[in-house]
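The structure appears right after this line, and notes come after that.
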Amino acid sequence: MSGTAIPPSSLAPLLALGAAFCFALALILTQYGLRTVPSWRSPLYTIGGSMVMAWPPALAFVDWRGFDLRAAAIFAGVGCIFPVVVSILSVRSNERLGPAIAGAAGNVTPLFAVLGAVLFLGERIGPGQALALVLVVGGVALMALRGGTGRRQWPVWVLGLPLAAALVRGSIQPAIKTGLGLWPEPLAAAAIGYSFSTLVIVSLIGRRALSAGPADRRGLLWFLAVGASNGTATFLLYAALGLGSITVVAPLVAVFPLIAVALSYLLLREERLHIVGLLGVLTSVAGVILLLLLQ
């Protein structure tokens, strides 16, 4: 029976694709939740749901005897910004742009990483990276040409919402890496981060939510499912990175906007993209994958 076991090198890509599917599924589920729950209220349930999901595996599998206060402080500080800010920006962009465009535009974190290295670290980009940057920027430009669905009308500035989310997502990565260098427990990092994000979102909208009364039960369940989907994606991503190289895992996870396009076609008839939008998504994803492969 041991000969039938899947080797880690083969399991990592499967886990990465599973993470991509869950990230895409969360975008689709958000559309269902937004039908009955306003966007300002949704992060309360998505982040809270992720926190509840994060703690059981953290308590079960983390070696808490190696607890490092400095690392925990870093994870807590990051949690005050991420994922709470990204969740707010993502749900608003999903509401305005639809899951496919929001997913693709929010997937350009490597673009900011490369530009930051050029601007602040004096690094130079090669021809392959230059081509990747052109593809990413060109894809976003195509999305700006009203490449969304037929029922959506949005000004160009709305693309700034997912782009800002990508910038935040990229800027916190060095801090997370520093914390994990002190205490290499990603499950603890996720649990602590989600806990502080929950405190932040409760402090921001908790009173408003109480005064508005109970949320629609259907929408609440949808957004709890969004939180569970995002949490599962995060755990699958961590597991994939633990078994395989980032050059294999990251590009596979980056295809989640394409999965979102397919799921939109199957599940959200009103969210089917026009050809320009689809071309923009394909171009942007190709550029992101190329950037990741060249890192």
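What you see is a predicted model, and the numbers here were worked out from it, not measured in a lab.
With sequence neighbours left out, Pro83 forms a side chain to side chain contact (heavy atoms under 4.5 Å, CB included) with Ser87, Tyr194, Ser197. By the side chain to side chain contact (heavy atoms under 4.5 Å, CB included) test, Pro38 pairs with Trp40, Arg41, sequence neighbours left out. With sequence neighbours excluded, the residues forming a side chain to side chain contact (heavy atoms under 4.5 Å, CB included) with Val85 are Ile81, Leu89, Val168, listed by chain and number. Looking at residues two or more places apart in sequence or on another chain, you find no side chain to side chain donor-acceptor pair (under 3.5 Å) involving Arg217.
Two residues are said to be in side-chain contact when any heavy atoms from C-beta on lie closer than 4.5 Å; Phe256 and Leu27 meet this criterion. Under the 4.5 Å side-chain criterion, counting only non-hydrogen atoms from C-beta, Pro43 is in contact with Val91. Looking at Leu291 and Val108, their side chains never come closer than 4.5 Å, going by heavy atoms from C-beta outward. A 4.5 Å side-chain heavy-atom check between Leu44 and Leu204 finds every atom pair outside the cut-off.
Scanning all heavy atoms of the two residues, the minimum distance from Ala26 to Ser229 falls at N-OG, 3.6 Å. Taking every heavy atom of both residues into account, Thr232 and Cys22 meet most closely at CG2-SG, 3.9 Å. Contact record, Leu290 with Gly128: CD2-O, 3.7 Å, taken as the closest heavy-atom pair. Ala228 and Met53 get closest at one heavy-atom pair: O-SD, 3.4 Å. When all heavy atoms of Pro99 and Ala260 are compared, the pair lying nearest together is O-CB, 4.4 Å. Across all their heavy atoms, Ser264 and Ile28 have their closest contact at OG-CD1, 3.4 Å.
The environment of OH in Tyr265 is sparse: at most 12 heavy-atom neighbours from other residues, nucleotides or ligands sit within 6.0 Å. For Phe196, the CZ atom sits in a loose shell: 12 or fewer heavy atoms of surrounding residues, nucleotides or ligands are nearer than 6.0 Å.
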Yes or no on side chain to side chain contact (heavy atoms under 4.5 Å, CB included) for Val158 and Ser93, after CA distance, side-chain angles and deciding distance? CA-CA 7 Å; Val158 176; Ser93 61; 5.6 Å; no
Step-by-step side chain to side chain contact (heavy atoms under 4.5 Å, CB included) determination, Thr36 to Leu220: CA-CA 9 Å; Thr36 53; Leu220 170 61; over 6 Å; no
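Note that CD1 of Ile88 and OG of Ser90 are 10.0 Å apart. Values are rounded to the nearest 0.5 Å. Expressed to the nearest 0.5 Å, how far CG of Leu263 lies from CG of Leu258 amounts to 11.0 Å. The structure places CG of Asn94 at 10.0 Å from OG of Ser39, a figure rounded to the nearest 0.5 Å. Distance check, rounded to the nearest 0.5 Å: CH2 of Trp55 to CD1 of Ile192 gives 5.5 Å. With rounding to the nearest 0.5 angstrom, the OG1 atom of Thr178 is 9.5 Å from the CZ atom of Phe75. Distance check: Ile176 CD1 to Ile74 CD1 gives 10.5 Å after rounding to the nearest 0.5 Å.
Put simply, the side chain of Thr283 never gets that close to the backbone of Gly280: no donor and acceptor are under 3.5 Å apart.
Each ring pair (Phe, Tyr, Trp, His ring centres under 6.0 Å) pair with one or both residues in residues 202-223, not counting sequence neighbours, appears once here: Tyr32-Trp222.
The hydrophobic cluster containing Val134 does not contain Val137, counting ILVMFWY residues as joined when their side-chain heavy atoms lie under 4.5 angstrom apart, directly or transitively. Under the 4.5 Å side-chain heavy-atom criterion for ILVMFWY residues, no single connected hydrophobic cluster contains both Leu210 and Ile201.
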Side-chain polar contacts of residues 181-190 - donor-acceptor pairs under 3.5 angstrom, sequence neighbours left out - could you list them?
{"residue": "Trp183", "atom": "NE1", "partner": "Gly66", "partner atom": "O", "Å": "3.3"}
{"residue": "Glu185", "atom": "OE2", "partner": "Asp63", "partner atom": "N", "Å": "3.4"}

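Among Thr46, Val226, Asn230, the one residue that satisfies the side-chain contact (heavy atoms from CB on, under 4.5 Å) test with Thr30 is Val226.
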